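Remarks on the structure that follows.
Per chain, numbering begins at 1; letters A, B, ... match sequence-line order. Quick caveat, the model's predicted, so the values are computed rather than measured.
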Amino acid sequence: MRNRIASLVESSLHAANTAQELTLSTFPSVIIGTPANSDHGDFSCNIAMQMAKEERKSPRQIADIVIRHLGNGNGMLARTEIAGPGFINFFVSPSAWQSCLLEIESQGDSFGCTTTGGGEKLQVEFVSANPTGPLHIGHGRGAAIGDTLCRILAAAGWDVTREFYYNDAGAQITNLALSVQSRCLGIEPDDPRWPDDGYQGEYIKDLARSYQACEVVEASDQHTTALGDPDNLDAIRSFAVAWLRREQDLDLAAFDVRFDVYTLESGLYSAGRVDAVVRQLTANGHTYEQDGALWLRTTDFGDDKDRVMRKADGGYTYFVPDVAYHLDKWERGFTRVINEQGADHHSTITRVRAGLQALHAGIPKGWPEYVLHQMVTVMRGGEEVKISKRAGSYVTLRDLIDEVGRDATRFFFIMRKPDAQLVFDIDLAKRQTNENPVYYVQYAHARICSIFENAADKGFLIPDNPSPDELACLTTTEELQLIKLLSALPDTVVDCAIHFEPHRLTYFLTELASCFHSFYNKNRVISEELALTKARLYLLKRTAQTLKSALSILGITAPERM
RNA sequence: GCGCUCGUAGCUCAGCUGGAUAGAGCAACGGCCUUCUAAGCCGUAGGUCGUAGGUUCGAGUCCUACCGGGCGCGCCA
């Protein structure tokens, strides 16, 4: 509806220009807003005020010209008005709103989807947790935001690939292997032989036991049988990675998050891609030797200090394989890449982009794009739960899902803007009361389904593809408001996709549920009036459809009973 | 100190690429179930949008400076 009005205004502007009532031949892009106050109509446009200065006419004069060339859009508009300093307000006719329902029906399960992205190849990398421990709450937020973003972008017409990168080659993996080895040998963390910065979590004990029992591990891309030999550090290393990968896979599966591609850091080394990147950077003249290390002059590309690529001990710093990895993404044809990660890693952005620029590979400056989520604070019993991976005392994603449920966990993680800090109150999320917005929304869906059951018992059939006459009785403010909200789903999904902000969809759902609950309390659906009953059942059918579509984009179920 | 980010009602937060009288939930108070799910609805109360300047027809939104919280600033990842 919004788009239709926008194009109506655009053609009006051109018509006015042809009639020489407007002198400008190019116009600012037409933005259709939704007024906060319903007295100001269903939509409004500020184009007249934007053009006033250049056009050298008063905003109200321009608005008047636009309106005269506007017509009523084939009956779409009941009326238009000029208001305030020069707003053009649009009042959509009830019949136009009613016909939106038919459009929603015709789109079925794909209602909410658009072709905005034009099928562009786009990759989202998210979670990418190191295989050194179970997924914790911070990963949970990343998983929820990343996964939802993928669903949103796919719905908005992008060709989305979901990718998980894991660092199975760095110093922290050696550290992991040493920790497991120590446990195999019965060395405790307070023992002087315990490795510096060893991983102390309970899971390391489980891992060691599993290794010594020569167990077999099948993970998404890791298949390993433990040798059981505590002296074979390489065997421990690969087994430990596989074992933790399996744990993470189970966590993600429990969260209904899946990936298309897993890329291993070790694979970049074995394919020679890391060395190739270093050679290229050196050949391009952006490196220098100092203090026995090889440096990249990232300051040439906006970084605040140069970065070490190859340490004095000969090993590479993590950021070199990172650059190699992103070059690989580029070469796979992803003109757009979005990396979803914790804000504590934000310093890598400049570094990675600088490395990519220094390759002279024709990669755009702002590539890849980033979505950073802020820290999660976990509250339990009114106290903050401290997260410490080394000490092993932390709330895992799995704990949370088991305790709170998948739907509520997903909803809570995405209902805040990614770049705002999030307080996850476990006690609150567990409460199955109206304090919990996810139940509020799901309840609306269940309530509608319950009405359908009652209607079926009384022999009412919900019409398919009803005629305009059959819908003409949907005229109350609540009914039209409900339709207006339903029809906003596709725009909302596009907004989420463009701004990388899934939380907008949770607000949409809450508003829609609220609108339905109001309607429900004010009006009886099943009544003596046959025509009205049928029309309202149809309206609710479309409401349930919209709730379900939006929830499914968030990966949340739409229960039929609660 | 430098960089990123946040600061809106008692609390948790929205505010749609700058728009009209700043919104929601929770908490508080008062109402609504002999009829489709009260996990609901309606109403009341609650604000100097951190502070001070600036940009313009118009600023919670953009710019600058300061104040306050978080994160980062390693030859760790």
**Study point:** Spacing between A:D419 atom CG and B:G69 atom C1', to the nearest angstrom
**Key:** 15 Å
Exercise for review: Rounded to the nearest angstrom, tell me the gap between atom CG in A:N523 and atom C1' in B:C32.
Suggested key: 15 Å
Revision key, fill the gap. Contacts of A:F87 and A:Y316 projected onto RNA chain B by closest heavy atom; the upstream (5') one is A:F87
Practice item. Round to a whole Å and report the spacing from NE2 of A:H499 to P of B:C16. Key: 9 Å
Check your understanding: Mind checking whether A:Y288 and A:W295 have parallel, tilted or perpendicular rings, split at 30° and 60°?
Key -> parallel
**Study point:** Out of B:C36, B:G69, B:A39, whichever nucleotide has its closest atom nearest the side chain of A:Y443
**Key:** B:A39
Exercise for review: Choose from B:U5, B:U35, B:G40 the nucleotide whose nearest atom is closest to any side-chain atom of A:Q374.
Suggested key: B:U5
Practice item. Taking only the side-chain nitrogens and oxygens of A:Y507, find out if one of them lies under 4.0 Å from OP1 or OP2 of B:G25. Key: no
Study note, to complete from the structure: In whole angstroms, the gap separating P of B:A24 from CZ of A:F508 amounts to 18 Å
Revision key, fill the gap. Per the O4'-C1'-N9-C4 / O4'-C1'-N1-C2 angle with a 90° window around 0, B:C41 comes out anti
Point to revise | Base paired to B:G40 (Watson-Crick or G-U; both N/O distances under 3.5 angstrom) | key: B:C32
Review point. Can you find a side chain N or O atom of A:R2 that sits less than 4.0 Å from OP1 or OP2 on B:C16?
Key: no
Practice item. Please measure how far the P atom in B:C73 lies from the corresponding atom in B:A77, and state the result in whole Å. Key: 12 Å
Check your understanding: What is the distance, rounded to the nearest whole Å, between atom OH of A:Y199 and atom P of B:A77?
Key -> 10 Å
Check your understanding: So A:F516 and A:F519, would you call those rings parallel, tilted or perpendicular, with 30° and 60° as cut-offs?
Key -> tilted
Practice item. Look at the aromatic rings of A:F424 and A:F413 and report parallel, tilted or perpendicular, splitting at 30° and 60°. Key: tilted
Check your understanding: Is B:A52 paired to anything, Watson-Crick or G-U wobble with both distances less than 3.5 Å, and if yes, which nucleotide?
Key -> B:U64
Point to revise | Under-4.0 Å side-chain N/O to phosphate OP1/OP2 contact, A:K53 with B:U56 | key: no
Practice item. Send over the distance from A:Q442 CD to B:U37 P, rounded to a whole Å. Key: 18 Å
Practice item. Kindly assign one of parallel, tilted or perpendicular to the pair A:H503 and A:Y507, based on the angle between their ring planes and the thresholds 30° and 60°. Key: perpendicular
Exercise for review: Please indicate yes or no: is the ring centre of A:H503 less than 5.5 Å from the centre of the six-membered base ring of B:A14, with the two planes inclined by under 30 degrees?
Suggested key: no
Point to revise | Upstream residue (5' side of RNA chain B) when A:T348 and A:S514 are each assigned their closest nucleotide | key: A:S514
Exercise for review: Please state how far atom CD in A:Q50 lies from atom P in B:G58, giving the value in whole angstrom units.
Suggested key: 15 Å
Practice item. Please evaluate the base of B:A77 for a donor-acceptor partner in the side chain of A:Y318 within a cut-off of under 3.5 Å? Key: yes
Review point. Would one find more than 12 heavy atoms of other residues, nucleotides or ligands at under 6.0 Å from atom CD of A:E560?
Key: no
